[in-house]
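Here the structure is laid out as C-alpha coordinates; the discussion comes afterwards.
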Amino acid sequence: MAANILRSEQAVRMSVYVIRAFVRLREELTANAVILKRLAEIDRTLLQHDSALRDIYRKLLPLLQPPPDPQRRGIGFHTSHE
(Lines give C-alpha, C1' and ligand atoms only; values in the text may rest on other atoms or scores of the structure.)
Protein backbone atom coordinates (compact mmCIF):
# COMPACT_ATOMS: atom_id res chain seq x y z
CA MET A 1 0.00 0.00 0.00
CA ALA A 2 2.81 2.39 0.82
CA ALA A 3 4.33 1.87 -2.63
CA ASN A 4 1.06 2.88 -4.30
CA ILE A 5 0.77 6.05 -2.25
CA LEU A 6 4.38 7.19 -1.93
CA ARG A 7 5.75 5.88 -5.25
CA SER A 8 9.29 5.80 -3.98
CA GLU A 9 11.99 3.14 -4.21
CA GLN A 10 12.05 2.71 -0.44
CA ALA A 11 8.24 2.27 -0.32
CA VAL A 12 8.49 -0.43 -2.99
CA ARG A 13 11.23 -2.21 -1.03
CA MET A 14 9.13 -2.07 2.14
CA SER A 15 6.10 -3.48 0.32
CA VAL A 16 8.19 -6.36 -1.03
CA TYR A 17 9.62 -6.89 2.47
CA VAL A 18 6.13 -7.07 4.00
CA ILE A 19 4.91 -9.50 1.33
CA ARG A 20 7.93 -11.74 1.85
CA ALA A 21 7.32 -11.65 5.60
CA PHE A 22 3.74 -12.82 5.11
CA VAL A 23 4.85 -15.57 2.72
CA ARG A 24 7.41 -16.77 5.25
CA LEU A 25 4.82 -16.63 8.02
CA ARG A 26 2.48 -18.80 5.92
CA GLU A 27 5.32 -21.29 5.30
CA GLU A 28 6.12 -21.44 9.01
CA LEU A 29 2.47 -22.06 9.88
CA THR A 30 2.31 -24.86 7.32
CA ALA A 31 5.48 -26.41 8.74
CA ASN A 32 4.02 -26.16 12.26
CA ALA A 33 0.84 -27.88 11.11
CA VAL A 34 2.89 -30.76 9.67
CA ILE A 35 4.88 -31.03 12.89
CA LEU A 36 1.74 -31.00 15.01
CA LYS A 37 0.18 -33.72 12.85
CA ARG A 38 3.31 -35.87 13.23
CA LEU A 39 3.35 -35.33 17.00
CA ALA A 40 -0.29 -36.43 17.18
CA GLU A 41 0.61 -39.62 15.29
CA ILE A 42 3.52 -40.29 17.65
CA ASP A 43 1.30 -39.65 20.67
CA ARG A 44 -1.33 -42.06 19.36
CA THR A 45 1.34 -44.72 18.74
CA LEU A 46 2.78 -44.28 22.23
CA LEU A 47 -0.66 -44.65 23.78
CA GLN A 48 -1.16 -47.91 21.88
CA HIS A 49 2.24 -49.19 23.00
CA ASP A 50 1.53 -48.09 26.56
CA SER A 51 -1.70 -50.05 26.56
CA ALA A 52 -0.01 -53.14 25.10
CA LEU A 53 2.82 -52.96 27.65
CA ARG A 54 0.31 -52.58 30.48
CA ASP A 55 -1.51 -55.71 29.30
CA ILE A 56 1.75 -57.67 29.09
CA TYR A 57 2.72 -56.52 32.59
CA ARG A 58 -0.64 -57.64 33.99
CA LYS A 59 -0.20 -61.05 32.39
CA LEU A 60 3.38 -61.42 33.64
CA LEU A 61 2.69 -60.21 37.18
CA PRO A 62 1.44 -63.59 38.47
CA LEU A 63 4.57 -65.23 37.06
CA LEU A 64 6.77 -62.78 38.96
CA GLN A 65 5.26 -63.75 42.33
CA PRO A 66 7.20 -66.33 44.34
CA PRO A 67 5.72 -69.82 44.14
CA PRO A 68 3.58 -70.88 47.10
CA ASP A 69 5.19 -73.09 49.69
CA PRO A 70 4.41 -76.74 49.08
CA GLN A 71 2.31 -78.48 51.72
CA ARG A 72 4.48 -80.49 54.05
CA ARG A 73 3.42 -83.65 55.60
CA GLY A 74 3.87 -83.85 59.27
CA ILE A 75 6.45 -86.12 60.81
CA GLY A 76 5.18 -89.35 62.29
CA PHE A 77 2.53 -91.95 61.68
CA HIS A 78 -0.81 -90.64 60.43
CA THR A 79 -4.05 -92.47 60.06
CA SER A 80 -6.88 -91.25 57.96
CA HIS A 81 -10.21 -90.87 59.74
CA GLU A 82 -13.18 -91.10 57.39
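Computed from heavy atoms alone, side chains included, the values below leave out hydrogens, waters and symmetry copies.
- Atom CD of Gln10 sits about 7.5 Å away from atom CE of Met14, to the nearest 0.5 Å.
- The only option from Leu25, Val23, Thr30 that meets the side-chain contact (heavy atoms from CB on, under 4.5 Å) definition with Glu27 turns out to be Val23.
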Side chain to side chain contact (heavy atoms under 4.5 Å, CB included) between Glu28 and Arg24: does it pass, once the steps are laid out? CA-CA 6 Å; Glu28 293 291 329; Arg24 185 166 180 201; 4.1 Å; yes
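- Here the CG-CG distance, from Asp43 to Leu36, works out to 11.5 Å after rounding to the nearest 0.5 Å.
- Atoms CD1 and CG, on Ile56 and Leu61 in that order, are 13.5 Å from each other to the nearest 0.5 Å.
- Using a 4.0 Å cut-off between a side-chain N of Lys or Arg and a carboxylate O of Asp or Glu, Arg54 and Asp50 qualify as a salt bridge.
- The backbone N or O of Glu41 sits less than 3.5 Å from a side-chain atom of Thr45, completing a donor-acceptor pair.
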